[in-house]
Amino acid sequence: ADFALERRGHLNLIDAEGEESSPTRRFVGEAENNGGVGLVRFLRHIVNHAVFSGPKAVELVAALFRSFPIQATHDEVEAFHMVLIEQCHSTVEDALQRGELIAIANCVGISSLLLDRLLMGFFTSQPILQAVETILSTLNSISVPGTYAYRTLQKEDTENIVRTNAAHFARLTCLVALQRSKPAGPWDSGDEILQHRIVAHLNRDLEILLYASPTAPRVSTKKGGGELSEANG
């Protein structure tokens with residue numbers, strides 16, 4: 001641990017950069033006439049059309065995550081991924097406020113895609129946090145009574161399939177993100193800021209994260225070692 005280095009993309013470095021670290025700013029750069037702004041708008045149009053229009057949203061957005069030149073640097077790929085996550089987050093928020101059932105289901109599909117990208121191990125701390133916040137925002141929108149998405153699902157998804165899947169993806173995402181925040185070995189210091197922020201999200205959203213459909217199989221915790229307890233320290 002004496003030789004552990006601060007990992008690339010540590011949130012401590014991102015926080016110090018402030019506004020300059022925003023995904024669009026990093027991707028577009030200083031010059032606004034370099035085509036970057038137009039590309040960001042084009043990405044937003046593609047993601048928006050996919051989420052609102054049909055069942056192929058996940059496949060299309062997954063293809064976008066792989067759409068960068070083979071000679072792109074690590075920083076360029078990361079900047080592109082963060083812009084894409086940002087556009088997904090914005091589109092998902094819009095769809096959850098006015099979309100039909102297929103659009104709301106696609107929002108949960110985007111959550112599954114972000115989890116898949118996270119499992120692939122390409123994300124550093126900032127895109128990890130972006131993905132967690134997008135997925136938890138989706139889960140909140142479909143879980144809190146009174147929201148448009150919640151009312152829509154109450155009428156059109158009586159078996160709570162969409163919400164159950166959203167909670168499942170959110171739980172897995174938080175667990176994977178926590179694992180990624182820990183040191184990978186004696187050479188890595190981990191990212192304690194990322195860890196603290198994920199834990200804060202878990203504490204805030206624990207009730208909806210633990211949601212399971214009433215029709216789902218239940219595990220008894222009255223006998224054996226199935227009780228959950230809070231770990232000390």
Side-chain angles (χ1 to χ4, degrees), residues 1-47 50 58-92 110-137 169 172-198 201:
D2 293 339
F3 301 99
L5 300 174
E6 189 165 71
R7 65 168 57 171
R8 175 179 171 275
H10 194 291
L11 284 183
N12 186 43
L13 302 174
I14 304 299
D15 289 347
E17 295 174 4
E19 180 64 25
E20 294 181 357
S21 67
S22 68
T24 299
R25 179 68 61 85
R26 284 184 58 185
F27 185 73
V28 172
E30 295 298 327
E32 295 189 0
N33 59 350
N34 62 4
V37 173
L39 181 55
V40 170
R41 290 173 179 168
F42 184 59
L43 287 174
R44 174 63 188 273
H45 175 75
I46 293 174
V47 174
V58 174
E59 291 89 339
L60 180 56
V61 178
L64 289 176
F65 271 101
R66 300 188 293 270
S67 300
F68 49 83
I70 193 171
Q71 70 271 19
T73 66
H74 290 295
D75 287 340
E76 289 170 340
V77 172
E78 181 181 74
F80 177 75
H81 280 172
M82 288 197 296
V83 169
L84 192 48
I85 296 172
E86 186 178 51
Q87 300 310 310
C88 288
H89 185 99
S90 178
T91 300
V92 163
I110 295 297
S111 293
S112 73
L113 172 62
L114 293 177
L115 171 60
D116 179 70
R117 296 294 90 190
L118 181 56
L119 287 167
M120 293 292 288
F122 293 124
F123 290 172
T124 55
S125 292
Q126 191 176 11
I128 288 174
L129 186 60
Q130 280 185 291
V132 168
E133 290 175 345
T134 298
I135 291 171
L136 289 178
S137 175
F169 296 141
L172 290 178
T173 299
C174 290
L175 289 173
V176 174
L178 277 175
Q179 191 274 332
R180 293 282 190 270
S181 72
K182 296 170 57 180
W187 62 89
D188 176 32
S189 64
D191 192 334
E192 70 282 355
I193 298 177
L194 175 62
Q195 187 176 80
H196 291 160
R197 292 190 183 180
I198 295 170
H201 283 303

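Residue numbers start at 1 and run along the sequence shown. All values reported here derive from a predicted model rather than from experimental measurement. These numbers come from the heavy atoms of this one structure, side chains and all, not from hydrogens, waters or symmetry mates.
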Shortest non-hydrogen contact between Leu118 and Arg180, atoms and distance: O-NH2, 3.2 Å
Gln126 CD to Asp191 CG distance, which is reported to the nearest 0.5 Å: 11.0 Å
Where Val132 and Ala177 come nearest, the two heavy atoms and their spacing: CG2-CB, 3.7 Å
From CZ (Arg117) to CD1 (Ile128), nearest 0.5 Å: 13.5 Å
Chi angles and distances behind the side chain to side chain contact (heavy atoms under 4.5 Å, CB included) call for Glu133, His201: CA-CA 8 Å; Glu133 290 175 345; His201 283 303; 3.5 Å; yes
Non-hydrogen side-chain atoms of Phe169 and Leu114 separated by less than 4.5 Å: no
Glu86 backbone acceptor or donor facing Ser90 side chain under 3.5 Å: no
Over all atoms of both residues, closest heavy-atom pair of Val47 and Gln87: CG1-O, 4.3 Å
Any side-chain heavy-atom pair of Met82 and Glu78 under 4.5 Å: yes
OG-CG distance between Ser112 and Asp116, expressed to the nearest 0.5 angstrom: 7.5 Å
Which residues share a side-chain contact (heavy atoms from CB on, under 4.5 Å) with Ala62, sequence neighbours left out: Arg66, Leu113
Considering all heavy atoms, the nearest Cys174-Ile198 contact: O-CG2, 4.1 Å
Partner set under ring-ring contact (aromatic ring centres under 6.0 Å, His included) for Phe65, not counting sequence neighbours: His81
Leu178 backbone acceptor or donor facing Ser181 side chain under 3.5 Å: yes
Heavy-atom pair with the smallest gap, counting every atom of Leu115 and Ile135: N-CD1, 4.3 Å
Residue pair Cys88 / Val61, side-chain heavy-atom distance below 4.5 Å: yes
Gap between atom CG of Leu43 and atom OG of Ser67 - 0.5 Å precision: 8.5 Å
